[in-house]
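Both backbone and side-chain heavy atoms feed into the values below; hydrogens, waters and symmetry mates do not. The chain is numbered in sequence order, starting from 1.
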Amino acid sequence: MIKPLFTACLVIFTLGACQSTTQQAEEINLIGDWHIETVLSNAVIDHSPAQMNFAEDGKLTGNNSCNQFFGDYSQQQNQLSLSSAGATRMACVDVLMQQEQSIMKAMPLVVKMTQSKSGKLLLKSEDGATLLVLTKK
């Protein structure tokens with residue numbers, strides 16, 4: 001009688017251990033300032049002011065290399081949605097204006113994110129392409 005009971009407990013314990021090995025995605029803490037390092041596979045210009053700030057209330061602000069932008073973001077675990085509501089309209093040198101256009105083009109395409117082992121935030125499109133790489137300030 002003890003042997004079948006022991007075997008049943010062993011089977012239940014083993015099955016429980018198998019289930020506990022599946023990892024849940026850890027939620028990434030976005031809150032704070034992030035420097036934009038890469039946009040659409042291109043490194044940003046050295047000393048560029050390109051950055052994003054994620055506020056606790058879902059507000060998104062930043063600098064797209066030339067102008068300030070503002071909008072909202074929504075995060076559910078590793079799903080992310082960025083929406084730009086507006087931006088200032090100053091003129092800058094052509095290379096910064098091109099970089100600004102790339103950032104503004106990439107933002108609405110973001111649907112998910114991952115974080116590298118080095119702490120970089122990778123903002124990705126639906127097909128998994130990396131659109132933006134950010135580093136915490």
Side-chain angles (χ1 to χ4, degrees):
M1 181 71 176
I2 293 176
K3 190 172 184 177
L5 182 59
F6 177 74
T7 304
C9 288
L10 185 62
V11 168
I12 291 170
F13 176 75
T14 304
L15 291 175
C18 290
Q19 289 177 343
S20 67
T21 60
T22 59
Q23 288 183 323
Q24 285 188 333
E26 228 178 89
E27 191 164 320
I28 297 169
N29 181 10
L30 289 176
I31 307 304
D33 293 319
W34 295 81
H35 175 70
I36 301 172
E37 282 192 8
T38 306
V39 58
L40 301 176
S41 300
N42 296 312
V44 297
I45 298 165
D46 285 343
H47 308 292
S48 167
Q51 67 173 357
M52 291 185 176
N53 176 277
F54 295 91
E56 288 185 36
D57 63 357
K59 298 295 182 195
L60 175 66
T61 58
N63 186 303
N64 55 23
S65 299
C66 181
N67 287 287
Q68 301 294 319
F69 66 87
F70 57 94
D72 299 300
Y73 74 94
S74 173
Q75 176 190 11
Q76 287 189 337
Q77 293 179 338
N78 290 346
Q79 302 299 309
L80 181 65
S81 172
L82 307 178
S83 62
S84 175
T88 58
R89 303 202 34 132
M90 297 185 320
C92 294
V93 295
D94 287 343
V95 292
L96 287 177
M97 293 297 290
Q98 290 169 355
Q99 185 168 283
E100 173 182 300
Q101 290 172 357
S102 294
I103 292 170
M104 299 309 284
K105 178 181 175 184
M107 285 175 52
L109 301 175
V110 172
V111 296
K112 55 189 164 185
M113 63 184 164
T114 59
Q115 196 161 22
S116 70
K117 290 181 182 182
S118 65
K120 293 180 192 240
L121 185 63
L122 310 174
L123 305 185
K124 299 182 175 242
S125 66
E126 185 67 42
D127 65 1
T130 300
L131 302 168
L132 294 156
V133 177
L134 310 177
T135 303
K136 188 87 171 198
K137 285 184 155 188

What one should report as the nearest heavy-atom pair of M107 and L82 is O-CB, 3.6 Å
Please name all residues satisfying side-chain hydrogen bond (donor to acceptor under 3.5 Å, both in side chains) with [X], sequence neighbours left out, ordered by chain then number.
X	result
D127	S125
N63	none
T114	none

Sequence neighbours excluded, the answer for ring-ring contact (aromatic ring centres under 6.0 Å, His included) partners of F69 is none
Of all pairs that satisfy disulfide (SG to SG under 2.5 Å), the ones with a partner from residues 48-137, not counting sequence neighbours: C66-C92
So the disulfide (SG to SG under 2.5 Å) pairs with at least one residue in residues 28-61 (sequence neighbours excluded) are none
Enumerate, atom names and distances included, each donor-acceptor pair closer than 3.5 Å involving a side-chain atom of residues 38-52, sequence neighbours excluded.
unit_1 : atom_1 : unit_2 : atom_2 : d
S48    : OG     : A50    : N      : 3.3
S48    : OG     : Q99    : NE2    : 2.9
Q51    : OE1    : K137   : NZ     : 2.5

Could you work out, with side chain to side chain contact (heavy atoms under 4.5 Å, CB included) as the rule, every residue matching [X], not counting sequence neighbours?
X	answer
K117	none
T135	E37, K120
K59	A55, D57, D72
I31	N29, E56, Y73

Mind checking who shares a hydrophobic cluster with L122, ILVMFWY linked at side-chain heavy-atom distances under 4.5 Å? V133
